[in-house]
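The analysis underlying the following values was restricted to heavy atoms, covering all of them including side chains, and did not include hydrogens, waters or symmetry mates. Values in this document were obtained by computation on a predicted structure and should not be read as measured data.
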Amino acid sequence: MALAETTFSSVIHNNEVCDEIVKWGNKNGYPLQKAKLYNKMDGYVGFSADNYYIKATRLPPIPGGWKVVVEPYEAEERIIPLNVNAAGEINRFILKMMDEYKKEGLNMELAETSYNSYGTILRDLKVVGHPVIINAFEDFIENMR
């Protein structure tokens, strides 16, 4: 069930549609910080931590332009263990990427304490959001190990 729908002009190019999604969402009561291409969703998507996303997909050459839909989603929650140093600190690059994923619509809460798991020091990160973004973040973390 769509919360809202609109169309964007055909003069908006692929490299501009993400900014247009954010502008339109903020102007129409569906605030976002960031949108980008998600091939798994067949379009350009901006996720909100408030359990909705805005998706833009290309319309056929005639009439052209973009179909834009705001849809709700059920948030998922996962615990992702992060590698930390002996002082319990997270790698600076991972911290920077956590900030980027927050802009993309994830809520994150880092556990206060670290623990040892088979010789590796870890801290749990509770992540809440759309499964597509959580999967992308989890893949990033896995590639950092």
Side-chain angles (χ1 to χ4, degrees), residues 1-85 88-115 117 120-145:
M1 177 186 99
L3 300 173
E5 291 186 28
T6 191
T7 55
F8 290 166
S9 167
S10 61
V11 298
I12 296 173
H13 299 286
N14 289 355
N15 59 345
E16 300 168 328
V17 73
C18 293
D19 290 338
E20 292 300 318
I21 290 170
V22 173
K23 285 183 211 171
W24 182 88
N26 291 338
K27 182 178 161 187
N28 290 283
Y30 298 102
L32 298 174
Q33 291 186 32
K34 188 176 181 179
K36 69 181 194 180
L37 176 62
Y38 280 93
N39 289 324
K40 290 182 179 184
M41 294 186 72
D42 297 321
Y44 293 85
V45 184
F47 294 96
S48 169
D50 295 328
N51 297 353
Y52 63 84
Y53 63 88
I54 303 174
K55 177 179 170 183
T57 53
R58 273 268 182 218
L59 290 170
I62 296 180
W66 300 88
K67 178 181 179 185
V68 180
V69 179
V70 180
E71 295 198 25
Y73 69 86
E74 285 290 323
E76 188 173 298
E77 180 180 311
R78 288 192 211 159
I79 302 295
I80 301 172
L82 300 178
N83 293 3
V84 294
N85 64 18
E89 298 167 339
I90 299 171
N91 174 306
R92 284 184 306 154
F93 184 65
I94 290 177
L95 286 173
K96 185 176 180 181
M97 290 308 291
M98 285 171 60
D99 287 339
E100 286 302 309
Y101 276 93
K102 285 178 186 176
K103 290 176 188 172
E104 290 182 31
L106 284 183
N107 286 319
M108 299 184 187
E109 186 179 316
L110 187 61
E112 294 291 322
T113 58
S114 56
Y115 60 94
S117 178
T120 302
I121 303 170
L122 303 170
R123 277 175 81 183
D124 286 340
L125 179 68
K126 181 171 84 169
V127 181
V128 180
H130 193 283
V132 168
I133 316 172
I134 294 175
N135 289 342
F137 180 70
E138 217 167 22
D139 289 347
F140 164 76
I141 295 299
E142 195 60 39
N143 289 331
M144 289 297 292
R145 291 198 169 121

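- Closest non-hydrogen pair, G43 versus T57, comes out as CA-CG2, 4.1 Å.
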Donor-acceptor pairs under 3.5 Å, side chain of residues 128-139 to any protein atom, not counting sequence neighbours: which ones?
| from | atom 1 | to | atom 2 | distance (Å) |
| --- | --- | --- | --- | --- |
| H130 | ND1 | V132 | N | 3.0 |
| N135 | OD1 | R78 | NH1 | 2.7 |
| N135 | OD1 | R78 | NH2 | 2.7 |
| N135 | ND2 | P131 | O | 3.3 |
| E138 | OE1 | R78 | NH1 | 2.6 |

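- One finds the CG atom of L110 at 10.0 Å from the CE atom of M108 (value rounded to the nearest 0.5 Å).
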| task | Please test L59 against T7 for side chain to side chain contact (heavy atoms under 4.5 Å, CB included), starting from the C-alpha separation and ending with a verdict. | result | CA-CA 9 Å; L59 290 170; T7 55; 4.3 Å; yes
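- With values rounded to the nearest 0.5 angstrom, E20 atom CD is found 9.0 Å from S9 atom OG.
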- Message: Go through it in stages, so that I can follow the logic: the residues are F140 and I94, the test is side chain to side chain contact (heavy atoms under 4.5 Å, CB included), and I'd like the CA-CA distance, side-chain angles, deciding distance and then a yes or no.
- Response: CA-CA 9 Å; F140 164 76; I94 290 177; 4.3 Å; yes
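- In this structure, G64 and S10 approach most closely via the heavy-atom pair C-CB, 3.9 Å.
- In this structure, Y53 and P72 approach most closely via the heavy-atom pair CE2-O, 4.2 Å.
- With respect to I121, the side-chain contact (heavy atoms from CB on, under 4.5 Å) criterion is satisfied by exactly one of V84, N83, N85: V84.
- S117 and L122 get closest at one heavy-atom pair: CB-CD1, 3.7 Å.
- Listed here is the closest heavy atom pair of I141 and P81: CG2-O, 4.2 Å.
- Between Y52 and Y73, the distance separating the two ring centers is not shorter than 6.0 angstrom.
- Note: K102 NZ to M98 CE = 5.0 Å, rounded to the nearest 0.5 Å.
- The salt bridge (Lys or Arg N to Asp or Glu O under 4.0 Å) contacts involving residues 56-73 comprise nothing, where partners must be two or more places apart or lie in separate chains.
- For Y115, the ring-ring contact (aromatic ring centres under 6.0 Å, His included) test picks out no residue, with sequence neighbours left out.
- How far CZ of F8 is from OG1 of T6: 6.5 Å, rounded to the nearest 0.5 Å.
- Proximity of M41 to F47: side-chain heavy atoms (C-beta onward) are separated by under 4.5 Å at one or more points.
- In this structure, E74 has no salt bridge (Lys or Arg N to Asp or Glu O under 4.0 Å) partners at least two apart in sequence or on a different chain.
- Between P31 and N26, the shortest heavy-atom contact is CA-OD1, 2.9 Å.
- Side-chain N or O atoms of R123 include none that pairs as donor or acceptor with a backbone N or O of I90 at under 3.5 Å.
- Taken to the nearest 0.5 Å, the CG atom of L106 stands 11.0 Å off from the OG atom of S48.
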- Full working for side chain to side chain contact (heavy atoms under 4.5 Å, CB included) between V127 and I79: CA-CA 6 Å; V127 181; I79 302 295; over 6 Å; no
ask   = Where do I21 and W66 land on the side chain to side chain contact (heavy atoms under 4.5 Å, CB included) test, with the steps shown first?
value = CA-CA 10 Å; I21 290 170; W66 300 88; over 6 Å; no
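- Within the model, atoms CG of N28 and CD1 of I54 stand 8.0 Å from one another, a figure rounded to the nearest 0.5 Å.
- Among residue pairs with one or both ends in residues 26-46, those qualifying as salt bridge (Lys or Arg N to Asp or Glu O under 4.0 Å) are K34-E100, K34-E104, K36-E104; sequence neighbours excluded.
- Residues meeting the salt bridge (Lys or Arg N to Asp or Glu O under 4.0 Å) test with E89, sequence neighbours left out: none.
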